[in-house]
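Have a look at the structure below, then the notes.
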Amino acid sequence: MSVRNLANMLCLDDFEEAARRHLPKPLFGYIAGASETNASLRHNREAFDAYAFVPRVLRDVSSRSTGTELFGETFEAPFGIAPMGISALMAYRGDIVLAEAAKQAGIPMIMSGSSLIRMEDVAAVAPRTWFQAYLPGEPDRIDALIDRVAAAGFRTLVLTVDTAALANRENNIRAGFSTPLRPGLSLAWQGISHPRWTVGTFLRTIARHGIPHFENSYATRGAPIISSNVMRDFGRKDHLSWVHLERIRQRWQGNLIVKGIMHPDDAAMAADAGANGVIISNHGGRQLDGTAAPLHVLQQVRERLQGRVPILIDGGFRRGSDVLKALALGADFVFVGRPFLYAAAVGGLAGVVRAVELLKSELHRNMALLGETEIESLGTTHITRK
Ligand SMILES: Cc1cc2nc3c(=O)[nH]c(=O)nc-3n(C[C@H](O)[C@H](O)[C@H](O)COP(=O)(O)O)c2cc1C
């Protein structure tokens with residue numbers, strides 16, 4: 001996307017429309033969709049409408065800042081980039097693009113464990129990137145993966161725990177997306193009708209890096225995305241329990257964050273097990289359809305945790321005002337998924353930098369309109385239930 005076209009992107013949702021045109025239908029459907037009836041996907045967006053601001057005025061907000069401290073680091077904004085699998089199929093070198101943009105913008109980026117670029121290559125470009133793992137089912141494979149993540153230099157490990165079974169993504173099948181990717185006539189037609197993606201992302205990837213493989217599910221390289229063995233890489237996870245989390249806590253020296261917490265009791269158990277933070281998340285509506293919006297359980301989780309560990313949250317955040325509402329309700333940090341992947345797909349590094357800038361400037365402007373100068377000062381006095 002040219003610089004002029006990027007300037008036409010005025011909010012995060014504009015990237016979604018651009019990506020709808022740019023990406024083959026199955027790939028766009030994979031990013032945009034969720035499970036079964038998309039109920040949780042809708043809940044996530046609707047939740048923000050349940051709250052309204054009660055602004056303060058005449059408070060000299062000229063020295064305001066979106067800077068936020070988390071785990072002893074200062075970030076330029078209270079939001080980061082959520083982990084998204086197979087990003088490198090959507091955007092050329094997608095994970096590196098997202099990590100590099102986050103580095104430039106001074107915000108955290110979580111690299112997905114279901115990624116197609118070696119974690120070591122991403123860490124080399126952006127060493128402060130966080131790594132997200134899906135736990136392998138077997139203890140020795142868990143240990144080996146943790147050791148690899150540590151050796152690659154990551155200091156923050158995010159464990160995603162809301163995937164006891166693979167979700168029912170019938171929407172993906174309808175949109176023509178499958179894992180493994182099945183090359184065929186309809187996929188070929190999608191390639192022909194989306195030439196910028198085909199040449200700029202797909203063929204360029206294959207020419208320079210070969211057929212993409214799942215690189216980071218285990219300590220060793222996984223299957224190529226077109227292999228019928230690829231499902232083996234996802235393995236069984238329905239026997240995983242808190243015992244596994246405790247084992248990881250013993251082995252992993254860095255920050256450990258548990259992603260996919262919804263229930264206050266689970267948040268407390270994660271803190272008991274030694275986690276340094278939790279991400280309240282329903283996986284962007286992509287796991288159990290009908291799960292509540294993270295925003296609606298935030299206050300209960302906060303009450304239960306009593307400040308023991310920072311509370312991070314994701315799901316449906318698209319505006320600076322959305323971020324402000326979550327911070328006012330007690331979140332310490334917010335993560336945003338889909339819009340940044342759309343931005344990477346249509347605009348590469350410049351696209352993601354633009355998207356981060358848009359969200360940050362909305363936040364900065366709205367802090368003034370709300371009458372606050374610091375992220376830490378936001379609280380329930382700033383909002384009311386509609
Ligand atoms: C295309 C896509 C791939 C995802 N892959 C992962 C993943 O590999 N690991 C993970 O923990 N979450 C994954 N998620 C969930 C996101 O990390 C995040 O929880 C969710 O997208 C946030 O909602 P939002 O997209 O509405 O901002 C994925 C989400 C999308 C849209």
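Both ligands and their constituent atoms are indexed starting at 1 by order of listing.
- For the residue pair Arg318 / Asn44, no side-chain donor-acceptor distance below 3.5 Å is found, with atom types taken as modelled.
- Between Tyr342 and Phe28, the ring center distance clears the sub-6.0 Å criterion.
- Centroid-to-centroid, the aromatic rings of Phe333 and Phe335 come within less than 6.0 Å.
- Residues Ser321 and Asn366 bring no donor and acceptor atom of their side chains to less than 3.5 Å of each other.
- No donor-acceptor distance shorter than 3.5 angstrom exists from the side chain of Arg56 to the backbone of Gly371, with no hydrogens or angles considered.
- Contact residues for ligand 1 (protein heavy atom closer than 4.0 angstrom to any ligand atom): Tyr30, Ile31, Ala82, Pro83, Met84, Gly85, Ser112, Gln132, Tyr134, Thr160, Lys259, Ser281, His283, Gly284, Arg286, Asp314, Gly315, Gly316, Arg318, Val336, Gly337, Arg338.
- Annotation: side-chain hydrogen bond (donor to acceptor under 3.5 Å, both in side chains) contacts of Glu17 (sequence neighbours excluded): Arg20.
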